Protein chains: 2
Amino acid sequence: MTRVTAQLSVSADGFYAGPRFEGDGNWMDSAESAGFFRVTRWATEVSAWRERQGFTGGEQDTNSDVIAETFEAAGAYVMGRRMADGGEEPWGDQPPFRAPVFVVTHRPRERLLRQGGTSFTFVTDGVASAVEQARAVAGGKNVAVAGGGSLVRQVLKAGLLDELELHVVPVVLGTGLRLFDADLDLAEKEAIELTPTRVIHTPEVTHIRYAVNGRAPLVLDDRGSGGGPTVTR
Amino acid sequence: MTRVTAQLSVSADGFYAGPRFEGDGNWMDSAESAGFFRVTRWATEVSAWRERQGFTGGEQDTNSDVIAETFEAAGAYVMGRRMADGGEEPWGDQPPFRAPVFVVTHRPRERLLRQGGTSFTFVTDGVASAVEQARAVAGGKNVAVAGGGSLVRQVLKAGLLDELELHVVPVVLGTGLRLFDADLDLAEKEAIELTPTRVIHTPEVTHIRYAVNGRAPLVLDDRGSGGGPTVTR
């Protein structure tokens, strides 16, 4: 059965990149990219990622297995416009997805066909439509929300996300782009409950996979403690 | 050898409590406390925490072992003023610490002696002084920074923290008090590097213990990828 999944590499303080690059210079030299490359280093070092990018070498380890499994599980992708724009050149003729990609954008554009099974379809009627179009062609595999962070947040906010995997990298960036930095339309004392379904830890990164249970009220439960902050917080 | 440690329960999006309570009402009914009780629920349910609070019952499980070990490892505590104020009444005559506690505050106050080995010493000359005073009486055990989050952040910022354990709870709060929400005085393209030294996962919480390596520059390393965002982010 098709599930809608997302996975993102984040720092211990929740950033998936450094502060947003706004200048005229080269993104590659920006603080945004410096943070982004730090939290994705575990991935770029492994064989399974490098093979998808057309590179050789790389570690063949647990982290590589996680990447390989993630690519393999995806039957179609949903992607934000900014990520698609940024990737168009470096991904070249053979993008790593090898599956249909649906790009959420305000700008209509003709479908792009690439080698190796990747196509880019530009969807202008919203994220829910992009998810549905991806589901229709996923062939029972997952619809993977490829990012960036703001698109993952939109899908979570819309209640469309079944599974979220965070690759938590052992670094504190202090500032930058956060996965969870904006309004999720939660009411006061309301939260989105998750269930951890798999945790894999390596020296480079802790992979935590969550099933998304959905919104639920925060029920105050003091268990007779009399309340107040305690050492255990 | 004495290490300076901190541990904090946080949501998957990095909050240790709901939005700060500023009103005239009861903190126990606030959104701040609702978030706080959600992320500390795993602790209040276990035997080792309940015993320290003078309660009976509770789960005797892996999470209880984590709490017991944390209490046992601490020879002295450093605490923020707000947490100390909030705890004074509920902790009563026998606070759960059973060790000297040094409270960082601007307001001089006489030392409080409590039963069971807990004392509260009010330190007005800053967090580094409080850590040193705690170290002097820790008897080779750890100096535990008990919270709240802003004090943990100060200790990390000052380069005084050796170890940080995050108890990551499977819930998205969306808003509230963040451990990492403010300036850590990091330069552009600078980060605080960590090393995960222990990961324990249970259905209720993922415990990630980090050694704090200290500040380091973010070195751009594109590994020949040509750069740009990719699916693995």
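Just so we're clear, the structure is a prediction, and the values are computed from it rather than from any experiment. Numbered from 1 within each chain, the chains take letters A, B, ... in sequence-line order.
For B/Thr206, the part lying near chain A is the side chain, with the backbone staying farther off; criterion is any non-hydrogen pair under 4.5 Å. Of the atoms belonging to B/Pro196, heavy atoms from both backbone and side chain fall under 4.5 Å from chain A. Only the side chain of B/Arg178 comes within contact range of chain A, with heavy atoms under 4.5 Å apart. For A/Thr197, no part sits under 4.5 Å from any heavy atom of chain B, backbone or side chain. With a 4.5 angstrom heavy-atom cutoff, B/Glu190 touches chain A only via backbone atoms.
Residue B/Asp13 holds its CG atom at 7.5 Å from CG of A/Leu184, rounded to the nearest 0.5 Å.
In summary, B/Glu193 and A/Arg38 engage in a salt bridge, as defined by a charged side-chain N under 4.0 Å from a carboxylate O.
Atom CD of B/Glu72 has 12 or fewer heavy atoms from other residues, nucleotides or ligands within 6.0 Å.
A/Leu194 is not listed as a side-chain neighbour of B/Val171, based on a closest heavy-atom distance of 4.5 Å or more. Looking at heavy atoms from C-beta onward, A/Leu218 lies in side-chain contact with B/Leu173 at the 4.5 angstrom threshold.
With A/His201 as reference, B/Val199 is the one residue of B/Val199, B/Ile208, B/Ile200 to meet the side-chain contact (heavy atoms from CB on, under 4.5 Å) rule.
A distance-only check finds no donor-acceptor pair linking the side chain of B/Lys189 to the backbone of A/Gly35 [under 3.5 Å].
Top candidate by heavy-atom pairs under 4.5 Å with chain B, chosen from A/Ser11, A/Ser30, A/Ala144, A/Gly176, is A/Ser30.
The minimum heavy-atom distance between A/Tyr210 and B/Pro170, with the atom names listed, is CE2-CB, 3.7 Å.
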